[in-house]
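Everything on this sheet refers to the single structure shown next.
Labels below follow one simple rule: chain letters A, B, ... track the order of the sequence lines, proteins then strands, and each chain is numbered from 1. All figures in this text were calculated on a predicted structure; none of them were measured in a lab.
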Amino acid sequence: MPRYEPARIEPKWQAWWEAHGTFATPRLPASRKRYVLDMFPYPSGDGLHVGHPEGYTATDIVARFERMRGTSVMHPMGFDAFGLPAEEHAIRTGTPPRESTARNIDTFRRQLKMLGFSYDWNRELATTDPEYVRWTQWIFLVLHDTWFDPVEQRGRPIADLPIPPEVEAGGERAVAAYRDEHRLAYQSEAPVNWCPALGTVLANEEVVGGVSERGGHPVVRIPLRQWMLRITSYAERLERELDGLDWPASIKKLQCDWIGRSTGAEADFFIAPSQDASRAFNDWKAARAVSGFPARPGRDVLRIYTTRPDTLYGVTFMVVAPEHPLLDALTTESQRDVVTAYREAAARKSDLDRTDLACEKTGVFTGAFVIHPLSGASIPVWVADYVLATYGTGAIMAVPAHDTRDHEFATTFGLDIITVVEPIDRVVDPDERFTGDGRAVASGPYTGLATRACIARVADDLEEAGLGRPAANSKLRDWLFSRQRFWGEPFPILHELDDAGRPTGIVRPVEERELPVSLPELADFRPGQTPDPPLSRAPADWLFVERDGRRYRRETNTMPQWAGSCWYYLRFLDPRNTLHFVDPEIERAWMPVDLYIGGAEHAVLHLLYARFWHKVLFDRGHVSCPEPFGRLVNQGMILGEMEFTGYRKAEGGWVSAERHGPDDVGARVPAEQVEKQGEHFVLRDAPSIRVESRAYKMSKSRGNVVNPDQVVREHGADALRLYEMFMGPLEATKPWSTAGVGGVRGFLDRCWRLVVDERADDVRLARQVVADPPSDEHLREIHRTIAKVTKDIEALSFNTAIARMMEFVNVCTPLEKRSRAILEPFIVILAPFAPHLAEELWEVLGKAAPVSLEPWPTVEERWLHDETVEVPVQIRGKLRGRIVVPAGADASALEAAARTDPRITELLAGRRIVKVIAVPGRLVNFVVEG
RNA sequence: GCCGGAGUGGCGGAAUGGCAGACGCGGCGGACUCAAAAUCCGUUGCCCGCAAGGGCGUGUGGGUUCAAGUCCCACCUCCGGCACCA
């Protein structure tokens with residue numbers, strides 16, 4: 001009884017492909033190339049999730065399709081294996097992370113192979129491989145050896161950094177320090193997000209609402225020496241160069257917003273001395289007219305950044321951040337106590353507290369005044385925590401009439417509000433804060449100017465007078481690149497020690513030929529209670545080294561998980577190269593990635609970091625293109641099965657869902673006890689009780705996680721692949737449906753029976769399969785199917801491609817004679833979707849394996865058109881009949897045919913036709929009176 | 001609050017401004033069978049009607065058009081992201 005048995009044929013063909021190297025990729029493309037890439041997985045201990053095969057199947061279909069069209073396809077897979085979860089697991093179980101990671105990778109690899117993806121497994125890599133770590137460290141050294149030239153807008157070797165004479169005069173140490181200040185990888189003593197529970201510091205991006213993104217643990221800010229990457233210097237290019245990319249507009253926008261570039265001006269406000277303020281101000285202004293605007297503000301001015309210099313005349317107070325360096329100097333004796341108290345309170349507040357109280361502005365007056373650079377008015381300086389020390393200059397000019405936050409503050413503390421902008425063609429209502437563009441009013445010489453023009457004029461005039469200059473800012477912060485954890489890449493950096501064993505502050509990169517710096521064996525790799533990294537407890541022979549007669553201590557921080565994923569797509573091209581991170585010839589031939597599919601959760605971090613590294617490598621001549629990922633597609637999330645939730649009171653009775661209170665208990669209601677009534681679902685036995693219907697994110701705690709192994713066991717890999725593609729559009733969020741998998745399995749069964757005689761004792765061709773030439777009708781059927789599937793794969797519209805193949809099978813199933821001439825091309829186009837079944841059926845048809853490399857069938861245009869077409873006839877837009885006309889019938893022929901249709905004639909009788917619309921091939925519409 | 005995305009049968013979904021609901025699930029009916037499963041065939045948006053046929057129908061309300069799920073305006077709901085960035 002040879003039924004379709006995926007458990008038999010799937011391992012068979014996986015072994016065949018592996019033995020024959022079917023999907024091995026050549027070193028260089030032999031023809032048109034496509035680099036089809038998945039976001040490689042983090043091999044967690046839970047194994048593959050059904051979300052993984054979604055994107056992986058999509059890329060696999062594209063890769064297989066392109067290969068069959070004669071394209072050279074690069075389609076690799078690897079593992080992002082450093083990172084916190086493995087380490088957390090290791091700590092809990094006492095297994096070294098290297099062991100548990102290796103085990104997890106084995107599981108993932110087995111599961112991926114089980115699904116029949118056409119990866120070139122010879123290219124497999126893990127970010128934890130010592131040879132991979134070696135080149136990750138090498139790239140870090142490239143970053144360390146690079147400075148960003150703002151004039152040329154590109155990274156250049158640190159040796160090319162012009163040294164100002166006054167630095168040169170300071171000697172070798174001063175020059176070294178100056179260089180260190182400009183490197184893309186630099187050390188900083190800035191306040192960091194320390195997470196005691198995780199025992200590490202986190203990047204700003206990893207802290208969400210004051211708690212860690214992973215685990216939701218509290219985060220506090222403490223100062224610590226850290227490695228930073230100067231991603232901010234690339235902010236403009238990272239934003240601008242998104243332009244040419246074929247990415248979803250929403251992802252581009254997300255990155256733009258994240259980078260958050262704004263332009264405006266910096267301006268200096270003279271700090272009013274206690275005596276003779278106006279003379280001092282005039283002297284200062286005169287001096288500035290000569291000297292111009294200094295690069296760094298002196299202690300006599302408060303420098304601010306604004307995007308709206310046009311509102312300068314509306315400034316009624318200034319605000320500095322609690323951490324502002326001049327705050328102490330500004331504060332007058334009478335205000336010292338309140339300011340100190342306020343500053344301490346602000347320091348104790350976590351970021352969470354600060355954002356949670358977003359609507360309630362707090363702050364205190366410093367006692368100081370500055371002088372308005374244009375009007376000469378005296379303006380009070382306040383301190384408030386709604387101004388961030390880390391953005392712009394940490395101080396603002398407040399324009400309460402035209403800024404929502406300033407307005408709230410002014411209202412809270414009774415400060416003046418002066419309107420200086422009015423909308424052009426409407427009247428503002430008195431309660432409105434007009435923050436848009438309009439026309440300047442009450443603004444001295446600028447009155448009447450349109451906002452855009454006014455901004456430019458004010459900025460120019462300020463610059464002319466040495467009081468300001470155009471400036472740009474970005475929300476993006478430099479990338480905090482070190483972690484106080486064990487399971488990451490060690491930095492290839494040595495810290496020089498003096499005779500007493502104390503660091504001298506001089507840093508020395510590890511020589512390239514000494515890479516990789518491997519992780520030492522460590523009995524105890526737990527993070528400590530303090531930010532002192534686990535590596536600081538490494539054996540002395542690892543920790544301390546001697547070079548050129550000097551003693552050094554190794555850097556004991558490690559790199560964050562993002563490091564490895566920043567460049568893996570390059571290493572895939574040449575994974576065993578021991579001389580280069582990638583051979584330049586190979587890199588030029590394959591890059592950029594033509595299609596990159598992965599989850600939207602990496603929209604900002606991974607994609608931004610990888611683009612940044614790539615641009616640095618590009619600037620330094622190590623790669624040939626400025627952007628790594630030409631086309632990006634985000635697969636949607638797969639939710640758990642649809643659930644109905646009913647609510648019960650604590651006493652036991654049901655409560656309708658829209659009225660349930662916090663004490664009522666929600667419980668799953670089986671689908672057969674529920675029915676739809678109008679807009680809502682209700683209990684079948686108690687229709688007044690509404691139940692909620694919704695699909696939830698899969699999670700262990702909800703118990704709705706679907707295990708791919710089990711689906712494969714029950715229905716096979718081809719069914720899982722096909723189902724995930726059939727569920728709906730790739731980019732949509734969709735709920736899982738167990739019944740849906742069964743449906744797709746039914747389709748594969750029907751494909752099987754199309755070719756195989758199910759009643760025979762052994763696998764044998766069905767007697768209906770014949771060598772006779774097919775009918776015209778069947779030729780049309782197969783060619784239309786090929787055309788649709790081809791077009792849909794190109795558009796990544798896999799669900800509709802599968803629907804078309806189902807239609808084809810539905811046509812063929814009842815046939816007593818199924819011509820090989822239509823079955824064979826069908827098996828070929830089925831192959832990218834259900835490769836195992838296609839190989840098996842190809843073999844049953846007596847063809848030489850593998851169908852996976854069979855040329856993609858060509859569409860014969862003449863079979864796409866019928867001789868006649870059916871065209872709807874409408875009267876006043878309502879469907880009233882159908883006519884059959886020759887395919888090429890023009891508008892007048894169409895109208896004539898419609899008029900002769902008996903039913904239409906009858907309906908048109910006695911009515912005046914106002915107009916006739918006849919669209920060839922589409923419809924006829926009679927517009928009648930009455 | 002701001003920025004995205006989405007609302008179409010019982011369910012997942014399909015539809016270059018031109019026949020709404022392809023395809024699949026589920027339901028109903030039939031064939032095969034002693035029976036059931038499996039398989040195959042038919043049918044299936046809602047309402048009225050014995051039927052022929054008619055009416056209604058793509059979140060809500062307006063608009064443009066011979067024609068709107070699709071375009072425009074306003075609103076509602078859900079999902080996702082951001083959140084004092086001056």
Would you check if the distance from the ring center of A:His715 to the ring center of A:Tyr723 is below 6.0 Å? no

When A:Lys252, A:Arg261, A:Lys475 are each screened for salt bridge (charged side-chain N to carboxylate O under 4.0 Å, His left out) with A:Glu239, the one that passes is A:Arg261

N/O donor-acceptor pair under 3.5 Å between A:Ser699 side chain and A:Arg702 backbone: yes

Nucleotide B:C11, atom C1' - distance to CE of A:Met642 in whole Å: 6 Å

Same-atom distance (C1') from B:G21 to B:G7, integer angstrom: 16 Å

Without decimals, in angstroms, what is the distance between A:Phe747 CZ and B:A38 P? 20 Å

Does A:Ser262 place a side-chain N or O at less than 4.0 Å from the phosphate oxygens OP1/OP2 of B:A86? yes

Using modelled atom types and a 3.5 Å cut-off, is there a donor and acceptor pairing between side-chain atoms of A:Glu54 and backbone atoms of A:Met725? no

So which protein nitrogen or oxygen atoms get under 3.5 Å of nucleotides 15-23 of chain B's nitrogens or oxygens?
from	atom 1	to	atom 2	distance (Å)
B:U16	O4	A:Arg922	NH1	2.7
B:G18	O2'	A:Arg922	NE	3.2
B:C19	O2	A:Arg882	NE	2.8
B:C19	O2	A:Arg882	NH2	2.4
B:A22	O2'	A:Glu807	OE2	3.3

So does A:Arg903 get a side-chain nitrogen or oxygen closer than 4.0 Å to the phosphate oxygens (OP1/OP2) of B:A52? no

Write down the distance between CZ (A:Arg750) and C1' (B:C40), rounded to a whole number of angstrom. 9 Å

Counting any heavy atom closer than 4.0 Å, what does A:Lys253 reach on the DNA or RNA strands: base, sugar-phosphate only, or nothing? sugar-phosphate

Pairwise 5' ranking along RNA chain B for A:Lys697 and A:Met397, keeping only the more 5' one: A:Lys697

In whole Å, what separates the C1' atom of B:C48 from that of B:U60? 26 Å

Distance between the C1' atoms of B:G59 and B:A52, in whole angstroms? 36 Å

Taking atom CD of A:Glu724 and atom CG of A:Leu730, what is their separation to the nearest 0.5 Å? 10.5 Å

Where along residues 305-314 of chain A does a heavy atom come under 4.0 Å from RNA chain B, residue by residue in number order? A:Tyr305, A:Thr306, A:Thr307

What is the distance, rounded to the nearest whole Å, between atom CG of A:Leu730 and atom P of B:G12? 19 Å

Is the A:Phe826 ring parallel, tilted or perpendicular to the A:Phe747 ring (thresholds 30°, 60°)? perpendicular

Quick one: A:Asn634 CG to B:G5 P, roughly how many Å, whole number? 14 Å

Same-atom distance (C1') from B:G45 to B:U39, integer angstrom: 29 Å

Tell which nucleotide pairs with B:G7, taking only Watson-Crick or G-U wobble pairs whose two distances are both under 3.5 angstrom. B:C76

Using the purine O4'-C1'-N9-C4 or pyrimidine O4'-C1'-N1-C2 torsion, is B:G49 syn (within 90° of 0) or anti? anti

Is the backbone N or O of A:Pro872 less than 3.5 Å from a side-chain atom of A:Arg922, with the two atoms forming a donor-acceptor pair by type? no

Using atom P of each nucleotide, how far apart are B:G29 and B:A37 to the nearest Å? 13 Å

Could you measure between the two C1' atoms, the one in B:A20 and the one in B:A67, and give it in whole Å? 14 Å

Under 3.5 Å between N/O atoms: give me all the protein pairs with nucleotides 29-33 of chain B, atom names plus distance.
none

Hey, does A:Arg880 reach any base, or is it just sugar-phosphate, or nothing, if we go heavy atoms under 4.0 Å? sugar-phosphate

Ranking A:Arg694 and A:Pro814 by the position along RNA chain B of their nearest nucleotide, the one closer to 5' is A:Pro814

Separation of B:A86 P from A:Ile455 CD1 (nearest whole Å): 12 Å

What contact category does A:Arg261 fall into here, base, sugar-phosphate, or nothing, at under 4.0 angstrom with non-hydrogen atoms? nothing

Between B:C23 and B:U77, how many Å separate the two P atoms, rounded to a whole number? 36 Å

Under 30°, 30 to 60°, or over 60°: which ring-plane class applies to A:Phe409 and A:Trp382, parallel, tilted or perpendicular? perpendicular

Re B:U64: Watson-Crick or G-U wobble partner, both distances kept under 3.5 Å, found to be none

State whether A:Glu641 and A:Arg668 are salt-bridged, where the test is any N-O pair (Lys NZ or Arg NE/NH1/NH2 against Asp/Glu carboxylate O) under 4.0 Å. no

Quick one: label A:Lys878 by what it contacts on the DNA or RNA (base, sugar-phosphate, nothing), any heavy atom closer than 4.0 Å. sugar-phosphate

Ignoring hydrogens and angles, tell me if any N or O in the side chain of A:Asn634 forms a donor-acceptor pair with the backbone of A:Gly598 under 3.5 Å. yes

If we call it a pair only when both distances are under 3.5 Å in a Watson-Crick or G-U wobble match, what pairs with B:C2? B:G81

Are A:Asp257 and A:Lys253 within salt-bridge range, i.e. N to O under 4.0 Å? yes

Going by an N to O cut-off under 4.0 Å, is there a salt bridge joining A:Arg804 and A:Asp792? no

Using atom C1' of each nucleotide, how far apart are B:G57 and B:C50 to the nearest Å? 25 Å

Quick one: look up who B:G12 pairs with, Watson-Crick or G-U, both distances under 3.5 Å, and put none if it's unpaired. B:C23

Integer-rounded Å distance: B:C78 C1' and A:Leu639 CG: 12 Å

A:Phe798 ring center within less than 6.0 Å of A:Phe726 ring center: no

Where the side chain of A:Lys915 is defined as all heavy atoms beyond and including C-beta, which of B:G81, B:G4, B:C66 is the nearest nucleotide? B:C66

Using 0.5 Å steps for rounding, measure from the CG atom of A:Leu327 to the CD atom of A:Glu323. 9.5 Å

Which is true for A:Ser474 with a 4.0 Å heavy-atom rule: it touches a base, it touches only sugar-phosphate, or it touches nothing? nothing

Mind checking who B:U70 pairs with, Watson-Crick or G-U wobble, both distances under 3.5 Å? none

Using whole Å, what does the distance between atom P of nucleotide B:C11 and atom CZ of A:Phe644 come to? 8 Å

Are A:Asp757 and A:Arg767 ion-paired here, with the side-chain N under 4.0 Å from a carboxylate O? no

Any strand is fair game: report the nucleotide pairing with B:C28 by Watson-Crick or G-U wobble, both distances under 3.5 Å, or none. B:G42

